[in-house]
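Only one structure is covered here, and it is reproduced in the block below.
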Amino acid sequence: MAAVGRKGPWTEEEDARLVFSVRLFGERRWDNVAKVSGLNRSGKSCRLRWVNYLHPGLKHGRLTPHEQHLVVQLHAKWGNRWSKIARCLPGRTDNEIKNYWRTHTRKKAEELRMSSPSSSNSEVVGLVVDGDGYSMDQIWDEISASENSDEKCSESVLWE
DNA sequence: AAGACGGTCAACCGCGTTTTT
DNA sequence: AAAAAACGCGGTTGACCGTCT
């Protein structure tokens with residue numbers, strides 16, 4: 001039944017309606033939120049918009065060098081577990097991180113492959129952060145330093 | 001000056017997992 | 001306990017915008 005409805009970019013009015021409805025009903029039952037809000041959107045679409053854009057406390061704009069560094073580090077550890085990585089970066093979403101990683105590292109991966117065709121290792125792990133970031137050495141230092149603090153970043157202090 | 005190109009980001013899709021009925 | 005509904009994740013696409021030729 002779910003009349004799929006509108007797709008594509010959200011208008012300000014849609015955002016406002018969505019925020020209003022989420023305040024009313026909470027961040028769950030998205031199909032219901034979608035219906036009640038009068039938005040001609042799927043619940044799924046509403047959830048995505050909320051989580052990635054409207055959610056209070058979200059940071060917008062480019063990742064800081066510190067965040068970039070963290071992403072590299074965590075990706076080396078966990079691979080493409082974007083949501084997991086995102087949980088270590090308050091105010092950032094999995095989508096943002098995924099986008100960042102793709103645009104900044106796929107390129108690097110290709111360059112690396114070109115420059116060292118001998119790289120037998122099929123898996124490219126930690127890559128250099130663009131320009132203003134950290135050197136490879138620093139990154140690897142920190143990765144190995146944090147090796148024992150493994151899975152946890154949940155409570156605390158990767159952050160100031 | 002304008003078209004081509006590349007980077008960025010928001011949003012969609014498919015599918016596996018979790019929650020609800 | 002099982003079926004249905006909702007959620008969440010990761011991959012992918014496409015529009016937009018700035019830069020280069």
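Chain naming here is simple, since letters A, B, ... match the order of the sequence lines and numbering starts at 1 in each.
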query: For A:His60 and B:dC9, is the shortest distance between a side-chain N/O and OP1 or OP2 below 4.0 Å?
result: no

field: CA sep, side-chain torsions, deciding dist, call: A:Trp10, A:Leu18, side-chain contact (heavy atoms from CB on, under 4.5 Å)
entry: CA-CA 10 Å; A:Trp10 285 65; A:Leu18 181 56; 3.8 Å; yes

Worked verdict on A:Val72 versus A:Gln68 for side-chain contact (heavy atoms from CB on, under 4.5 Å): CA-CA 6 Å; A:Val72 171; A:Gln68 295 176 4; 5.7 Å; no

Note: A:Glu67-A:Lys59 ion pair, threshold 4.0 Å (strictly below): yes

- line: Sorted by position of nearest nucleotide on DNA chain B, 5' first, the leading residue of A:Trp10 and A:Arg29 is A:Trp10

query: Between the base of B:dG14 and the side chain of A:Lys44, is there a donor-acceptor distance below 3.5 Å?
result: yes

statement: A:Trp30 atom CH2 is separated from B:dT20 atom C1', nearest whole Å, by 18 Å

query: Once you round it to whole Å, what is the distance between P of B:dC12 and NZ of A:Lys98?
result: 13 Å

task: Choose from C:dT12, C:dG10, B:dT8 the nucleotide whose nearest atom is closest to any side-chain atom of A:Arg62.
output: B:dT8

field: Phosphate OP1/OP2 of C:dG8 contacted by A:Ser83 side-chain N/O (<4.0 Å)
entry: no

message: Distance check needed: C:dA5 P versus A:Lys35 NZ, whole Å only.
response: 11 Å

message: Let's see if you can work this out: which of C:dC9, B:dC12, B:dT21 has an atom nearest to the side-chain heavy atoms of A:Asp94?
response: C:dC9

- prompt: Atom CG in A:Asn95, atom OG in A:Ser83: separation rounded to 0.5 Å?
  reply: 11.5 Å

query: Is there a side-chain polar atom (N or O) of A:Thr103 under 4.0 Å from OP1 or OP2 of B:dT8?
result: yes

task: Measure the distance from CD1 on A:Ile97 to C1' on C:dG11 and round it to the nearest whole Å.
output: 16 Å

query: From A:Asn40 CG over to A:Lys35 NZ, what is the distance, rounded to the nearest 0.5 angstrom?
result: 13.0 Å

- line: CG of A:Asn80 to CD1 of A:Ile97, rounded to nearest 0.5 Å, is 12.0 Å

- request: Select base, sugar-phosphate, or nothing to describe what A:Gly8 touches, counting heavy atoms under 4.0 Å on all strands.
  value: sugar-phosphate

statement: Rounded to whole Å, NZ of A:Lys84 lies from P of B:dT17 at a distance of 16 Å

- request: Rounded off to whole Å, could you give me the CG-to-P distance for the A:Asn95 and B:dC13 pair?
  value: 14 Å

- request: Determine the contact category for A:Asn99: base if any of its heavy atoms lies under 4.0 Å from a base atom, sugar-phosphate if only primed atoms, P, OP1 or OP2 are that close, otherwise nothing.
  value: base

field: Strand-adjacent residues in residues 45-54 of chain A, judged by heavy atoms under 4.0 Å from DNA chain B
entry: A:Ser45, A:Leu48, A:Arg49

message: Looking at C:dA1, which nucleotide sits across from it as a Watson-Crick or G-U wobble partner, both distances under 3.5 angstrom, or is there none?
response: none

task: Return no unless some side-chain N or O of A:Arg87 is found under 4.0 Å from OP1 or OP2 of C:dC9.
output: yes

statement: On DNA chain C, more 5' by nearest nucleotide between A:Glu27 and A:Pro9 is A:Glu27

- prompt: In whole angstrom, what separates A:Tyr100's OH from C:dG10's P?
  reply: 18 Å

- prompt: Does NZ or CZ of A:Arg49 fall inside the cone over A:Tyr53's six-membered ring, less than 6.0 Å from its centre and within 45° of the axis?
  reply: yes

Euclidean distance, A:Asp94 CG relative to A:Asn52 CG, rounded to 0.5 Å: 6.0 Å

task: Just compare B:dA11, C:dC7, C:dG11 and give me whichever is closest to any side-chain atom of A:Asn80.
output: C:dG11

query: Is any side-chain N or O of A:Trp101 closer than 4.0 Å to OP1 or OP2 of C:dG10?
result: no

- request: Could you tell me the separation between the CZ atom of A:Arg102 and the C1' atom of B:dT8, rounded to a whole number of Å?
  value: 12 Å

field: N or O in side chain of A:Arg28 less than 4.0 angstrom from B:dT20 OP1/OP2
entry: no

